[in-house]
Structure formats: structure tokens, C-alpha cells
Amino acid sequence: MVRKYITPGMTTQLSALRRNLLNWFRQNKRELPWRQKRHWYTTWLSEVILQQTTVEQGLPYYHAFVERFPNVHTLAEAEEQEILHQWQGLGYYARARNLHKAARQIARQHHGRFPNDKKLALALPGIGPYTAAAILSLSYNRPYAVVDGNVTRVISRLQAIAEDIRLRSTQKIIEQHAQTLLSKKYPGAFNEAMMELGALVCTPVAPRCPVCPLSRWCLAYRQQKTDALPFKSAPPPKKRQYHWVVVYENTHRYLIRQRPEKGLLARMWEFPVWETDARQLKNTDSLSVRLSGHRISRVSGLMRHVYSHINLQYRAVLVEGSPEETPGTGTRKWVKKEEFNNYPIHKAHRHIINWLLNDQKGR
DNA sequence: CTCTGAGCTAGGC
DNA sequence: GCCTAGATCAGAG
């Protein structure tokens, strides 16, 4: 029988905890552009941008998006390619594609307003439990607790939850605690306060417990376990991939192609790629066979790119002429150097463009 | 250089 | 209902 410190029955303690947290938040919150006046559109935009992204990294993108797409209609009417292009460099491009799809649905099916209803909100592309709770609580003051990485950490320490936070079962327990703790009167402020506390005080390393407004109730603090919590098991090892990236050059134009509709980096543009292995990537022997009839102008040094589940190592090879067979079936285009900027090109291959245009290393 | 942490949704089984 | 793929970057060691 596990006895949790803060339980739904402890109404006096709960009120004091909420009051302490809200007071702390009022005095310590960061001034961020989307906090100025809470509108569902800027809340939505900021929440989506900040998924898997730090505030510092997301800020310039947020400003650019609000500038170019000041409301849901401008976003809905834009081309997907333009949105992907604005998103370039932020990663997790599905977020941008879903943002666009959802904007169209909001414009057409919801009269241009975000639905004030959990079920309807969850039906929108890119809106899951976290984002739905965030928008509904922050913009409409609806009583849904948000659980992001910050909140997970705060609660696992507060209630001294030792189970692996990677497990679904542990996440469920944390969600229940979050919903119990939530101020039903000020759910928006409370949710933001929990996330802000995790970002500023209840940090992953060296939490600032002496200044924490929740330390009086924190089991991990009392038991001196803040360094050990939350517990997270190791992820599975990353796969390794090796690519030759072939840059065909013909009369000062370069061949790029669009990736398929689905899967990794969907609908982004790139140079043709040949899969290979670590050994073959060390020298150009294997290339010479496949590229017979082409003159190799330049070969790059080794480049690497890390995805969440793949370690990619690749090298670029600049060759003259066009490929005999069409690489893949997707759309292909011959573009001039200046035109690269008109296409959403993922990070790994933008690196190749830099090599192509500036860097003479690995010649 | 490698490792870690930031961390939410969609879709497949 | 559970599990995994998706995807970038900064900072520590």
C-alpha cells in the first residue's frame, strides 16, 4: 500500500499549495510574447513550436510566424510548402504539416475559432492531450491539467514517484496527480505555473529547492531524493545509417527531388541518396562503379547528423551530368544555386549546400 | 567527439 | 490500449 503525500482529501493543504504556486508564478514568470494577451491562436502557435524545442530556439520562429501568419486565416490560405519553408531548421516537420491542416479545419469547420471543447479539439490534426489541455486551459480557462516534461518532473519529485517515467503506467499516475493538484478556479495560471516551476526551479539538474514554493509539500525534498527523481530508463540504442549523397550538376543547375508523402521528412526536398555501409563510405571505390560515365568533381569529408533514433553518417559527391535512371519516382527539379532557398530542405542536406557553396574541405 | 535532455502526437498492432 | 516512429539542437563531459 503506497501512501502518497498529497491526496484529494487534503483540501486545506491543496489550497495552500495552489496559492503558494500561483503567488510564486505571479512574481517570477518570464515575460514571453505569447503571454502578453492570451489568445488561442498565439497560444496554439507557441505550444506547437515549443514542443521538442527550447524557448530560446523557438522565439525567432514564433516572431516570424506571427508576422507572416497573424491569424488562422492567413495560415489556412498559405501553401504547405511555404509553411514547411518557414519551419525549416526547427525539425519535427509533422508539426508544421499538422498546423496547416488544423488551420484549414478551424477556418472551415469551426468558423475560424478554436473549438472550446476537449473532444472537438482532440479531433484536430496535431492536437493531442497535451496541446488540447494547454489551449483550453490557458485561453478558455477550462479545468484540464497539462502534463509535459516539466510537470512530470515536478510531480514525480513532489510525490516521490520512483517508477520509470518512460512507462505509460507511470505517466497515467502522474496525470491523475496533476488533475488532483490543478486549481479548478485558475487552471490556466496553475498549468503555466507548474511548467514554469519545472523550467526555472525544479530543474533536471541542481533544482533550487530552497526557493521552491512547493518544498513544504515535496516528498523528494524531505527524503533528499531530488537528485534521484524522476527515474528514467535508458532508451534503446540508435540505428546507424550511411549515405552517399549525389549532387548532379548540369549547366550550373543541381538536381533535387521531393521526398515521399509519408514517413521521415515527408515532402521535404533533398539531393538523391544512395544507401551504403560504414566501410563503403570510407573511399570512393564503390561509387566509381555506380557513377561510371560521370566525372566526379568533388567529394566531401564525412558529415554526421543525429536523429532521435538514427545516427546518420554521410558524404556528398559532386558529379557532372544527369543520372541515367530516375532516382525514385517523386518530383525532381534542376535548380540554380540561388534557388535552393525557395525549397524546404532538411538540415542534413542544407549542410551539403553549405559545402557546395562555401566549404572547399574534403575536396 | 559522444552522450543527454529537452518531450508530444499519430498511427500501427 | 500499448508501443514506437518522428526529428533538432544545445550543452556537458
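Quick note on labels: first sequence line is chain A, next is B, and so on, each numbered from 1.
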Ignoring hydrogens and angles, does a donor from either the side chain of Arg304(A) or the base of dT2(B) sit under 3.5 Å from an acceptor on the other? no
How is [X] classified with respect to the nucleic acid when contacts are heavy atoms under 4.0 Å: base, sugar-phosphate, or nothing?
{"X": "Gln51(A)", "result": "sugar-phosphate"}
{"X": "Leu124(A)", "result": "sugar-phosphate"}
{"X": "Arg153(A)", "result": "sugar-phosphate"}

May I ask you to decide if the ring planes of Phe114(A) and Tyr140(A) are parallel, tilted or perpendicular, using 30° and 60° as cut-offs?
tilted
*Taking the inter-plane angle between the rings of Trp40(A) and Trp44(A) on a 0 to 90° scale, is it parallel (under 30°), tilted (30 to 60°) or perpendicular (over 60°)?*
tilted
Nearest-nucleotide pick for [X], side chain only, options being [options]:
{"X": "Lys232(A)", "options": "dT8(C), dA5(C), dG7(B)", "value": "dG7(B)"}
{"X": "Asn98(A)", "options": "dC9(C), dA10(B), dG6(C)", "value": "dA10(B)"}
{"X": "Arg168(A)", "options": "dG6(C), dT4(C), dA6(B)", "value": "dT4(C)"}

Paired with Glu192(A), the salt bridge (charged side-chain N to carboxylate O under 4.0 Å, His left out) test is passed by just one of Lys29(A), Arg38(A), Arg26(A), namely Arg38(A)
If we take the P atom in both dA6(B) and dG6(C), what is their distance in whole Å?
-> 23 Å
Ordered by number, residues from residues 128-150 of chain A within less than 4.0 Å of DNA chain B (heavy atoms) are Gly128(A), Pro129(A), Tyr130(A), Thr131(A), Val147(A), Asp148(A), Gly149(A), Asn150(A)
Note: contacts of residues 83-91 of chain A with DNA chain C (heavy atom, under 4.0 Å) are Gly89(A), Leu90(A), Gly91(A)
